[in-house]
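Keep in mind that the numbers below use all heavy atoms, side chains included, and drop hydrogens, waters and symmetry copies. These numbers were taken from a predicted model, which means no experiment stands behind them. Chain letters run A, B, ... following the sequence lines, proteins first and then strands; every chain starts at 1.
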Amino acid sequence: MVETDMNRKYDPRVIEEKWQRCWEDHKTFKVTEDPKKKKYYLLEMFPYPSGKIHIGHVRNYTIGDVVARFKRMRGFNVLHPMGWDSFGMPAENAAIEKGIHPAKWTNENIEEMKKQLKRMGFSYDWDRELSTCEPFYYKWEQLYFLWMYEKGLAYKKGSSVNWCPKCSTVLANEQVEQGLCWRCHSEVQENYLEQWFFRITQYVDDLLEYCDRLGDGWPERVLTMQKNWIGKSYGLEVDFPMADSDEAIKVFTTRQDTLFGATFMLIAAEHPLVMKLAKGKPCEKAAMEFVEKVKKQDRMMRTSDYYEKEGVFLDAYCLNPLTDQKMPIYAANFVLADYGTGCVMAVPTHDQRDFEFAKKYSLPLIVVIQNPEMTLDAETMEEAYVDEGVLVNSGQFNGMNNMKALDAMADYLESLGRGKRTVQYRLRDWGISRQRYWGAPIPIIYCDKCGTVPVPEADLPVVLPLDVEIKGEGGSPLARHKSFVETSCPSCKGPARRETDTMDTFVESSWYFDRFCSPDYDQKPGLDRKKMDYWLPVDQYIGGIEHAILHLLYSRFYTRVLKEFGVLGVDEPFANLLTQGMVVKETMRCKEHGYLFPHEVKEGKCERCSREVVIGKTEKMSKSLKNVIDPDYLIEKYGADTARMFCLFASPPEKDLEWSDQGVEGSFRFLGRVWRIVEDYLDDVKDIKPFAGKDDLEGELKDLRRKTHQTIKKVTDDVDERFHFNTAISAVMELVNVLYQVKRPEKGDARSLSVIKDALETVVILLAPFVPHITEELWEKMGHRDPLVDAAWPAYDPAAASEEEITIVIQVNGKLRGRLVVPAGESDDKIKELALKDEKTGKFLEGKKPVKVVYVPKKLVNIVIR
RNA sequence: GCCUGGGUGGCGGAACUGGUAGACGCAAGGGACUUAAAAUCCCUCGGUCCUCGCGGCUGUGCGGGUUCGACUCCCGCCCCAGGCACCA
């Protein structure tokens, strides 16, 4: 059959669908454990099924797919799964707004997004697909909860939460906007609720310590963020005796060196001690009002600027344990109740907050660290002195450097029995209770007689009932669901109530990567240890920087818990982490119609009113700014390969990707260029074997062969070691450019054509991980029966890649003055000699004698003159 | 305020341990093909000066320094992005 021009044109739609079907039919990406092969577990952060994939997903998953396909070609047994983080609030909101059941909404979204992911040609083993909202999944999470409860790793305690009285539900911090509920704008209250917690603090030192061991595989900044979040600080607990009783106030400080300068005491407003001290005194009323005010202030804190430091005197005194000086006690709005002991010794001379407070309430100041540059005077100071210096007014410690005195003073206080070295952390236990419907039920039953009773393992899963009424108000739908709530006590069989809180969705995402290793395993404990041992840890994890702290920290914690249960055997879940940048695009707005979608702009004018469009800042793509690109549209117009190509080529993965329509066009053009050069040679090279590399070549063909092997090396290094796909692709572009430059050999010139064929095949193979469809098609056209996806990654031949001539740069005093082309094997002495004799360079020597000649082998000669 | 990144042509970005700054792509300009256009293929492309050369000077946020030689290392400063933010 004669091929017409039509079916020889690059038509992405046809070939992409063809190969996607082929991969699906052959289950190409299905993997099983194979002890003979080296495993490679590649994972991208699974998506929340919000409806459609966005460009951020396209980028994230394309990066992962390149690595997965590359590793596969390198002979690894690659696990590359995909699933759905399918519990969460948007589903509940959709239910409230549109009256669709969360389950229906979620599953429809999954359906749609799965179609889109398949259309991108990602190499997932879909047989391992999981969805966290299925009982089949969360059943095991409930089991781990029971085990954690047993070990005291899960516990219940009272804690304060953001509470919206109208919606009668708890709000996450990010759902409180300027102290108001994000949905109904009622004033958010502080509410004290019994909540479930995971004791993450039990592993705090281990989590911190391993930050350093993860060193090579994780980005530095993620580790610093985690370390800061954990916030370990070494200090001292010091007792401050009350002036008129035997009791004492305990404070935590890291600055015992300033203790002689502590002139008053501060207590967090919410601290019970505040009302205890004020009780029955004239200040009681003022104290109570103050506490109420601060509680409200606290809600505003996140969104407002610094608020003023305020306090109220509690008409009580304690004593400085070293000077016995009387210290007035204040309740203050800026002291944190849940850090340290909730009480703070105030040193106004050396702490800016304390300084401001002291000025406001005219409290005494004593300088205890003297500034070596300029003598400090407590009377005239305008701000606290917070740098290093020499101790003064500090008894036997006078004259010491304050940093050096830290240990000495700790020893002294410990010897007096008034202090004790301790460690404090910023990290708190992880509150996992959510007063919401669309989440995994917490497997606990409350009985009036027996108290808190865990659901017996045999009764798991506690299935989330689907027949609920979901309204915006009136609290959790679960709490209103009679047949769910009303149950019998597992221990006394009497009437009992179920826990109606569900778990934070971060719990599901803390172990999904484990479940991917044995997604169908239906025996206790839901994870098959043999498979865990084969696949874990994840060799490469890829996702957005927005999860740098919470998701990654929780996953690290959960891994430790599961290890303790013997469910798996690794210390850390993710050996290597790549955090990819955001996708950004310029914003466009019209004076009349506000932000505009790209399709609403026609030739720089607003489609509706023909006004000039103003190009705004480049920002992260978001629906509200309308600077979005629809992946479906891209695929429709250019195909998945072009979309992938652009995401990879425009910038390295860790940087932000700036969207450019012209850049997409360029990527499409390049693929067309590859397609045409292969098509062009196809008839001539179809039956020719690629050049095998024994006989000598000359001229252009030798250059082409050299370039071919240099490209293999460059692409291999860029992809394998650095994940720099943009430079890898430009290397292939260079090779393609050379192919276009080469003079076309005669039809019968088999030897020359074999070199061309080798170059063409190399282009196709090297591009395979990036653009799998077009390359698979071209591979087939070139006469291959076995699919490219299973082809071996080429090895480069160092001999073929080596240059026979090298260019030596000649510098005079570090300035480029000339070039020298010499045979690669030329001796150093000869090169130096040639450089010194060089005519052009000679002009710049001004007849002077070189003082020195620097020679960098195979690179340059620098002649130094005075 | 503190902690991370990062400032390179008109633009996105290269330059891996100090050794030819600007690979590759986009945009722009020119040429070939075409009746014409599109598509395609080829060439030019940091600035500046002139004697247009295989040319000189200059140029990687700014100011210093180290070095034979600095986009790269050190010190000081400016700007941008992100994270944390009263943690005692």
Rounded P spacing from B:rC62 to B:rG53 in Å: 33 Å
Pair A:Q710, A:E803: side-chain N/O donor-acceptor within cut-off below 3.5 Å: yes
Separation of the P atoms in B:rU35 and B:rU20, to the nearest angstrom: 49 Å
Euclidean distance for C1', B:rG64 against B:rC50 (whole angstrom): 34 Å
Protein-nucleotide distance (A:H271, atom NE2; B:rA88, atom P), rounded to Å: 17 Å
Ring-ring centroid check A:F649 A:F770, cutoff 6.0 Å: no
A:H547 and A:H551 aromatic ring geometry - parallel, tilted or perpendicular at 30°/60° bounds: perpendicular
Test: A:R673 cationic atom under 6.0 Å from A:Y740 six-membered ring centre, within 45° of axis: yes
Sugar-phosphate, base or nothing in reach of A:R428, heavy atoms under 4.0 Å: base
Whole-Å P distance, B:rC24 and B:rC42: 13 Å
Footprint string (nucleotides 20-30 of chain B, 5' to 3'): B base within contact, S backbone only, - free, heavy atoms under 4.0 Å: B--BBSSS---
Proximity to the side chain of A:V856 - top-ranked nucleotide from B:rG19, B:rC68, B:rA88: B:rG19
Assigned glycosidic conformation for B:rG82 [threshold 90° from 0]: anti
A:T716 OG1 to A:K714 NZ distance, which is reported to the nearest 0.5 Å: 11.0 Å
Interatomic distance, A:I806 CD1 vs B:rG19 P [rounded to whole Å]: 17 Å
Touch class at under 4.0 angstrom, heavy-atom based, for A:V347 against every strand present: nothing
Short side-chain N/O contact from A:Y740 to OP1 or OP2 of B:rC42, under 4.0 Å: no
Minimum-distance nucleotide (side-chain atoms of A:N228 versus B:rC3, B:rG56, B:rA88): B:rC3
Rounded distance in Å - CZ (A:R722) to P (B:rC16): 8 Å
Pairing partner of B:rG1 (Watson-Crick or G-U wobble, both distances under 3.5 Å): B:rC84
Under 3.5 Å on both distances, the Watson-Crick or G-U partner of B:rA27: none
A:K815 vs B:rU58: side-chain N/O to OP1/OP2 distance below 4.0 Å: yes
d(CG, A:L266; P, B:rC87) in whole Å: 13 Å
Who pairs with B:rG13 - Watson-Crick or G-U, where each distance is under 3.5 Å: none
Nearest-angstrom distance from the residue atom CD of A:E679 to C1' of B:rU40: 15 Å
Candidate pair A:E700 and A:Q741, rule side-chain hydrogen bond (donor to acceptor under 3.5 Å, both in side chains), full reasoning: CA-CA 9 Å; A:E700 266 193 331; A:Q741 298 288 329; over 6 Å; no
Same-atom distance (P) from B:rU4 to B:rC43, integer angstrom: 47 Å
Distance-only polar pair, side chains of A:E679 and A:Y10, donor-acceptor under 3.5 Å: no
Complementary nucleotide for B:rC57 - Watson-Crick or wobble, under 3.5 Å: B:rG47
Flag side-chain contact, heavy atom, 4.5 Å: A:K250 against A:F240: no
Strand partner of B:rC73, provided both Watson-Crick or wobble distances fall under 3.5 Å: B:rG65
Parallel, tilted or perpendicular: ring planes of A:Y385 versus A:H350, cut at 30 and 60 degrees: perpendicular
Distance in Å, A:I200 CD1 paired with A:D429 CG, rounded so as to fall on 0.5 Å steps: 8.0 Å
Syn/anti state for B:rC42 [syn: chi within 90° of 0]: anti
Worked check of side-chain hydrogen bond (donor to acceptor under 3.5 Å, both in side chains) between A:Y425 and A:D205: CA-CA 10 Å; A:Y425 301 91; A:D205 274 317; 2.8 Å; yes
Euclidean distance for P, B:rC45 against B:rG22 (whole angstrom): 12 Å
side-chain N/O A:R221 vs B:rC84 OP1/OP2, d < 4.0 Å: no
Separation of the P atoms in B:rU8 and B:rC71, to the nearest angstrom: 15 Å
Sugar-phosphate only, base, or nothing, as touched by A:D656 at under 4.0 Å among non-hydrogen atoms: sugar-phosphate
Touch class at under 4.0 angstrom, heavy-atom based, for A:Y425 against every strand present: nothing
Integer-rounded Å distance: B:rC2 C1' and A:K227 NZ: 16 Å
Side-chain donor-acceptor pair present, A:Y796, A:T762, cut-off under 3.5 Å: no
Sub-6.0 Å ring centroid separation between A:W659 and A:F646: yes
Toward the 5' end of RNA chain B, by each residue's nearest nucleotide, A:A650 or A:Q424: A:A650
Sugar-phosphate only, base, or nothing, as touched by A:P652 at under 4.0 Å among non-hydrogen atoms: sugar-phosphate
Distance in Å, A:I808 CD1 paired with A:K858 NZ, rounded so as to fall on 0.5 Å steps: 7.5 Å
Position toward the 5' end of RNA chain B (nearest nucleotide), A:R676 or A:D718: A:D718
Geometric class of the A:F264/A:F357 ring pair [parallel <30°, tilted 30-60°, perpendicular >60°]: parallel
d(CE, A:M225; P, B:rC2) in whole Å: 18 Å
B:rC87 phosphate, OP1 or OP2, under 4.0 Å from A:R353 side-chain N/O: yes
With the criterion being N/O to N/O and under 3.5 Å, what pairs connect the protein with nucleotides 53-55 of chain B, and how long is each?
none

Identity of whatever pairs with B:rA38 - Watson-Crick or G-U, under 3.5 angstrom: none
What are the atom names and distances for every N/O pair under 3.5 Å that joins the protein to nucleotides 43-50 of chain B?
none

Integer-rounded Å distance: B:rA88 P and A:I267 CD1: 19 Å
C1' spacing across the pair B:rA15 / B:rG9, given as an integer number of angstrom: 15 Å
